[in-house]
Amino acid sequence: MQKIRVGVENQPYDIWVGNGLLDKASDWLAPYARDGRILAITDSHVARHIAPRLSDSLKASGITVSFFELPAGEQSKCWSKLAEIIDWLLDNHVERSDHIVALGGGVVGDITGFAAHIVKRGCGFIQVPTTLLAQVDSSVGGKTAINSAAGKNMVGAFHQPSLVVIDPDTLATLPRRELGAGFAEVVKYGLIDDPVFFDWCETNAEAFFAGDAEARNHAIIASVESKARIVAADERELNGTRALLNLGHTFGHALEAETGYSDKLLHGEAVAAGMAMAFRYSVRRGECPAEDAERVGRLFHS
Ligand code: NAD
Ligand code: GLY
């Protein structure tokens with residue numbers, strides 16, 4: 001198991017990465033179970049594929065977990081689902097000292113974190129990301145949000161999780177298309193933070209997609225280490241460092257808006273297209289060699 005510290009000022013926290021961590025959930029979740037109970041948010045796909053593993057592993061230690069289940073998909077990151085989550089937490093007597101578990105992808109993580117930020121004037125939360133995108137990006141750094149009529153992530157808060165637990169084995173059930181969308185965010189760290197890691201992505205993409213455990217773990221750990229470093233340097237995106245994480249996102253968000261935040265274009269796919277566009281735009285402005293833009297385009301097409 002690998003432990004990575006996110007050194008933010010007020011509430012530093014750990015990210016644990018390890019195969020099989022979900023099946024040992026009582027080891028890391030027991031300290032957060034008040035009266036032997038955990039409240040968790042998930043979505044309909046994760047409820048089928050992953051949630052039973054969490055419940056079973058906790059049951060052995062006498063801990064019960066109650067789930068609120070969102071319909072899977074970006075459309076759930078909205079006001080009405082936020083209100084339903086808040087009502088459910090209050091019906092279940094949530095306390096400020098509680099830690100709500102977000103079990104799922106970026107949609108579940110973003111809305112759970114925001115709900116935790118506002119319910120009872122703020123309680124804790126734990127990220128247990130189950131998509132590649134959430135494991136390498138959205139579960140780390142404390143950006144939480146829902147979408148509104150004005151656009152994506154327009155309503156939200158910075159609210160850091162108390163713990164992030166990443167079990168790469170959860171990717172076994174993730175559809176190939178979702179894996180590809182998450183890989184865009186992996187490549188992003190090579191582009192903004194670590195040229196050697198970009199070379200690694202080019203060389204190892206095939207092994208990664210074939211399911212090679214070592215390649216997957218390396219991609220996740222290197223990405224999380226990058227993100228932890230960047231977030232610690234600029235937690236609230238005030239000095240420009242964290243803005244690097246938004247590479248390609250201006251183009252990407254425009255593409256997502258045009259496709260109605262639907263599964264016509266996944267967030268990670270929009271980011272991949274957006275990064276390729278950003279490189280081409282930089283070539284046109286004379287700020288980037290054409291061969292760099294070609295290299296980025298080639299990796300995303302492969
Ligand atoms: P998602 O949460 O919609 O998950 C993608 C799909 O995979 C869903 O259908 C989900 O049900 C399914 N799924 C999840 N885990 C699975 C598993 N192990 N097996 C089978 N199916 C599984 O999408 P995402 O790509 O994880 O996240 C995208 C969201 O994250 C967007 O809303 C984006 O704005 C947000 N985001 C936030 C940050 C941040 O810093 N907070 C960063 C990047 C992206
Ligand atoms: N995904 C962008 C950020 O965390 O800042």
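One-based numbering, in listed order, for ligands and for the atoms of each.
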Flag [X] as yes when one of its N or O atoms lies below 3.5 Å from any N or O atom of ligand 1, and as no otherwise.
X	result
V108	no
K77	yes
D43	yes
V107	yes

Q. Under the ring-ring contact (aromatic ring centres under 6.0 Å, His included) rule, what pairs show up with a residue in residues 147-172, not counting sequence neighbours?
A. H117-H159, F125-H159
Q. Which pairs with one or both residues in residues 278-302 pass ring-ring contact (aromatic ring centres under 6.0 Å, His included), sequence neighbours excluded?
A.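 Qualifying pairs: none.
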Q.
Quick check on the 6.0 Å ring-centre criterion: do F197 and Y189 meet it?
A.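 No, the ring of F197 stays outside the 6.0 Å limit from the ring of Y189, centre to centre.
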Q: Answer yes or no for K227: is there a heavy-atom contact with ligand 1 below 4.0 Å?
A: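 Judged by the 4.0 Å heavy-atom criterion, K227 does count as contacting ligand 1.
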Q. Would S26 and S61 count as having a side-chain donor-acceptor pair, cut-off 3.5 Å?
A. yes
(Q) Do Y261 and Q75 pair up side chain to side chain, a donor and an acceptor below 3.5 Å, judged on atom types alone? (A) no
Q | Set of salt bridge (Lys or Arg N to Asp or Glu O under 4.0 Å) partners for E294, sequence neighbours left out | A | none
Q: List every atom of ligand 1 that sits less than 4.0 Å from any heavy atom of D110, numbering the atoms from 1 in the order shown and giving each element.
A: 35 (C), 36 (N), 37 (C), 39 (C), 41 (N)
May I have a table of the N/O to N/O pairs between ligand 2 and the protein that fall below 3.5 Å, each row giving the two atom names and the distance to 0.1 Å?
{"from": "ligand 2", "atom 1": "1 (N)", "to": "D137", "atom 2": "OD1", "distance (Å)": "3.2"}
{"from": "ligand 2", "atom 1": "4 (O)", "to": "K227", "atom 2": "NZ", "distance (Å)": "2.6"}
{"from": "ligand 2", "atom 1": "4 (O)", "to": "R242", "atom 2": "NH2", "distance (Å)": "2.8"}
{"from": "ligand 2", "atom 1": "5 (O)", "to": "K143", "atom 2": "NZ", "distance (Å)": "2.8"}
{"from": "ligand 2", "atom 1": "5 (O)", "to": "R242", "atom 2": "NE", "distance (Å)": "2.7"}
{"from": "ligand 2", "atom 1": "5 (O)", "to": "R242", "atom 2": "NH2", "distance (Å)": "3.3"}

Q. Counting N and O atoms only, with roles assigned by atom type, does the side chain of T130 sit under 3.5 Å from a partner on the main chain of T170, one being a donor and the other an acceptor?
A. no
